Amino acid sequence: MVNSGRKRVSPAHRPWLLLVLLLLFFAALAWVYLVPGSVPGGLARQVDASLVASGVSSRVTAVLLNFRAYDTLLECFILLLGVMVVWSLRSAGTTEPRQPAVGAILAALERLLLPLMILVAGYLLWAGSSQAGGAFQAGAILGGAGVLLLLDSSPFLDILPKKALVWGITLAPLFFLAVGVAALTQGRPFLTYRFQEASLVIVALEVAAAFSIGLCLATLFAGRLPEYESEPAQDKFAAKRGE
Amino acid sequence: MNLSPDSSAWIIWPVVVPLLGAVVCFLYKKKPRLAGHFFAVVTCGTSTVLGWQVLSQGVGRHLLGGWSPPLGISLRADGPAALMVMMTAVTGLGITLYSGGYFQSRLAGDSQDHRFRAQEQSFWPLWLLLWAALNGLFLSGDIFNIYISLELVALSSVGLTVLSGKPPSLVAAMRYLLVSLLGSLTFLLGVGFFYKAHGTLELAVISKALAPTPPVIMALALVSVGLMLKTALFPFHFWLPPAHANALAPVSAILSALVIKGSWYLFYRFWQGGGLLAAVGIVPALLGSVAIIWGAFQAFSQQRLKMLVAYSTVAQIGYLFVAFPLLVDSAGQGRDALFYFAISHSCAKAAMFLAAGTFFLQLGHDRIRDLAGVRQLLPVSSFAFALGGVSLMGLPPSGGFIAKYLLVSKAISQDLWWLALIAVVGSGLTAVYVFRAVSSVLSPHLLEERPLLVVAASMQWSALALALLAIVLGIMAPLPLALLEVT
């Protein structure tokens with residue numbers, strides 16, 4: 001911080017003022033929320049009415065992977081985008097290889113938890129078609145397993161062939177696009193499933209999504225390109241010379 | 001399944017093609033420039049098909065997954081949406097051609113090709129993903145889906161901003177990210193209130209039924225503030241100039257010409273119903289007026305050309321909002337004025353940023369004082385910069401002139417004299433700062449500095465093509481206006 005002697009009064013220096021404003025805002029939100037006169041129920045009834053045709057018996061899964069599958073497709077692209085942006089930061093020269101913290105407790109924990117995590121992820125994925133669960137939950141647990149591995153000295157992202165990693169990350173977005181375009185080529189709207197195939201396609205999409213989400217999350221945690229070490233060092237003065 | 005006959009496949013292609021292109025560019029690192037050009041051209045083609053279909057067959061709908069709203073998501077291509085998709089296609093193609101030349105010149109001219117190669121490898125997938133997200137935003141008929149598209153637009157824009165790697169651009173990109181996130185979350189809160197009030201997420205239903213009940217007012221206020229943050233309307237403009245000015249040359253053009261228009265277009269979509277405009281339409285108009293004056297003064301006092309052009313964007317965003325009180329009347333001239341500002345600004349601003357980026361690349365700086373004589377080195381770019389300025393000022397026969405003519409005549413017919421006055425005064429102020437830059441660029445001084453590298457011809461000519469288009473838009477006005485009529 002610069003000690004310039006100038007006394008600047010900003011909201012950050014008056015936390016109570018900020019607090020009062022925020023409380024007023026939340027009071028307004030709460031009042032509006034509690035005011036009667038809105039349409040009750042939302043879309044729950046329509047979801048229930050179409051559930052039979054969706055191919056799965058879980059409402060959430062039906063919404064995520066059938067009724068609003070386009071949203072989920074774009075969400076997959078957001079995760080891919082996250083990886084793209086983090087990897088592009090290497091041209092800004094801000095990433096450093098992470099020093100792994102190796103410890104006996106971590107290693108033991110890993111040995112205990114990893115198989116369990118993979119099992120739980122698989123179960124959640126399967127359970128998603130009939131109850132709470134599904135690709136995002138399973139993907140989050142797989143991502144957690146990946147983080148655990150990275151915390152220990154097992155740099156599996158570096159061992160993995162670069163091609164496999166990149167294809168794994170793009171698996172879900174590509175598969176989603178393929179399913180969508182396949183429907184288009186058969187004269188149906190984008191991402192429409194035939195009724196007989198709906199449950200099969202949804203489970204396949206969920207498996208692909210869970211795999212890609214887990215890999216994306218672990219890659220984001222690693223925060224750098226695996227091939228980083230093999231590249232020439234950055235020129236620290238490069239940024240000053242050119243754009 | 002509720003298969004509906006009105007599911008036109010041509011609507012989805014301008015979203016699917018660049019999405020696929022982004023993945024291909026991400027996977028195929030060897031020749032990302034080739035893949036990028038290919039997918040940009042195909043996207044442009046599918047967008048043209050969309051524009052032509054809307055013009056000849058009227059509004060098109062695509063029910064995604066075969067589910068009709070409110071259960072599913074629909075894409076809806078009407079006149080304004082098709083015009084924005086076309087604007088993105090044409091400007092985007094120009095910027096793509098420029099980017100090809102830009103990276104080629106930098107790779108050829110500098111020994112540091114590892115860094116530039118990494119920049120280019122990241123640029124193409126991010127740019128195509130941004131393009132897909134913008135098209136998705138323009139065509140979407142579902143407000144939650146719009147939120148996801150907004151997030152895609154914001155994240156890819158931040159990723160592009162950060163590419164240059166300069167410390168100022170990192171700081172600016174971080175601020176841009178935080179502001180953008182705040183805007184997205186405010187928007188999402190508004191979406192929640194809309195869902196509570198109407199029980200649906202369909203934009204067409206919501207914007208038609210804007211009743212002044214507390215949840216709707218709260219929702220509309222939240223959505224509007226979120227979008228104004230993202231569009232950088234006057235009090236929220238602070239993040240824009242450093243982010244736009246410090247990015248790579250093609251990225252500056254993308255951010256200023258296209259990204260800003262995405263959130264502005266949504267603002268129009270939410271307010272187009274007109275029910276509440278009579279009461280509060282004056283608010284965006286007043287903020288826009290301040291933006292016009294303030295942005296022009298700031299632009300005039302800048303020392304760097306790219307900062308001047310960035311502050312000019314702040315001023316021109318003002319024009320995108322001053323015409324909102326004119327939307328109350330259903331005659332459509334207010335809407336025509338708004339969209340004409342958007343498309344002519346898109347071409348003109350892209351041309352100016354691309355030309356300014358070429359100057360920077362050739363000279364290694366963009367200090368306005370020291371630009372004198374650059375026209376000998378880069379005659380085509382200098383001409384493009386000046387032509388872009390002509391459209392910004394609103395001189396006939398440019399697209400900017402048509403926009404201002406529509407705005408002023410409509411304002412006078414509605415007895416909003418102050419609005420007409422602001423538009424004219426704004427033109428004068430624009431002329432002042434544009435002349436300041438152009439007089440330096442076109443001055444007959446001899447340049448003392450030696451050029452840093454050879455600039456590819458496509459960099460000069462793509463900027464000129466966009467600048468010429470900004471002028472020609474004034475002559476071919478009937479075509480875009482006919483497209484806008486399709487609603």
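All figures in this text were calculated on a predicted structure; none of them were measured in a lab. So that the names make sense, note that chain A is the first sequence line, chain B the second, and so on, each numbered from 1.
- Each of A:Leu74, A:Val83, A:Val47, A:Leu191 has some count of heavy-atom pairs under 4.5 Å with chain B, and the biggest count is that of A:Leu74.
- Of the inter-residue distances, the one linking A:Leu43 atom CG with B:Tyr195 atom OH reads 4.0 Å to the nearest 0.5 angstrom.
- Scanning both residues, B:Glu151 and A:Ile78, for their nearest heavy atoms gives CB-CD1, 3.9 Å.
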B:Leu27 vs A:Thr170, side chain to side chain contact (heavy atoms under 4.5 Å, CB included): CA-CA, chis, key distance, verdict: CA-CA 8 Å; B:Leu27 289 173; A:Thr170 51; 3.6 Å; yes

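- Most heavy-atom pairs under 4.5 Å with chain B, from the set A:Leu29, A:Leu174, A:Ile169: that is A:Leu29.
- For A:Leu81, the parts lying under 4.5 angstrom from a heavy atom of chain B are both the backbone and the side chain.
- The two residues A:Tyr33 and B:Lys196 make their nearest non-hydrogen contact at O-CE, 2.9 Å.
- For the pair B:Trp13 and A:Leu184, the tightest heavy-atom approach, listed with the atom from each and the gap, is CZ2-CD1, 3.7 Å.
- For chain A, the nearby part of B:Phe193 is the side chain; its heavy atoms alone come within less than 4.5 Å.
- Listed here is the closest heavy atom pair of B:His62 and A:Phe190: NE2-N, 3.0 Å.
- Note on B:Leu19, B:Leu160, B:Ile11, B:Leu129: by heavy-atom pairs under 4.5 Å with chain A, the leading option is B:Leu19.
- Note on B:Ser156, B:Gly72, B:Pro125: by heavy-atom pairs under 4.5 Å with chain A, the leading option is B:Ser156.
- If you measure heavy-atom distances from B:Ile12 to chain A, the contacts under 4.5 Å come from the side chain alone.
- Here the CG atom belonging to A:Leu79 is positioned 10.0 Å from the CG atom belonging to B:Leu155, to the nearest 0.5 angstrom.
- A:Ser88 and B:Leu163 get closest at one heavy-atom pair: CB-CD2, 4.0 Å.
- Heavy atoms of A:Val181 lying under 4.5 Å from chain B belong exclusively to its side chain.
- For a residue to count as touching a neighbouring chain, one of its non-hydrogen atoms must lie under 4.5 Å from one of that chain's; by this rule B:Val216 does not touch chain A.
- Between chain A and the residues B:Thr200, B:Val15, B:Leu75, B:Asp142, the most heavy-atom pairs under 4.5 angstrom are made by B:Asp142.
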Test A:Val32 against B:Ile217 for side chain to side chain contact (heavy atoms under 4.5 Å, CB included), laying out the working first. CA-CA 9 Å; A:Val32 171; B:Ile217 291 175; over 6 Å; no

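- The two residues A:Ser50 and B:Leu71 make their nearest non-hydrogen contact at OG-CD2, 3.3 Å.
- Note: B:Ser74 OG to A:Tyr70 OH = 11.0 Å, rounded to the nearest 0.5 Å.
- For a residue to count as touching a neighbouring chain, one of its non-hydrogen atoms must lie under 4.5 Å from one of that chain's; by this rule A:Leu73 touches chain B with the side chain only.
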Evaluate side chain to side chain contact (heavy atoms under 4.5 Å, CB included) for A:Arg68 paired with B:Ile148, printing each intermediate quantity in order. CA-CA 12 Å; A:Arg68 300 179 67 91; B:Ile148 298 182; over 6 Å; no

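- Interface remark: of the candidates A:Gln46, A:Met84, A:Glu75, A:Met84 forms the most heavy-atom pairs closer than 4.5 Å to chain B.
- For the atom pair CG (A:Asp71) and CD1 (B:Ile146), the distance works out to 10.5 Å, reported to the nearest 0.5 Å.
- Contacts of B:Leu222 with chain A are made by side-chain atoms alone, with heavy-atom separations under 4.5 Å and no backbone atom involved.
- When heavy atoms are compared at a cutoff of 4.5 Å, A:Ala49 does not approach chain B at all.
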Would you check, one step at a time, whether the test side chain to side chain contact (heavy atoms under 4.5 Å, CB included) holds for A:Val85 with B:Val158? CA-CA 8 Å; A:Val85 172; B:Val158 170; 5.6 Å; no

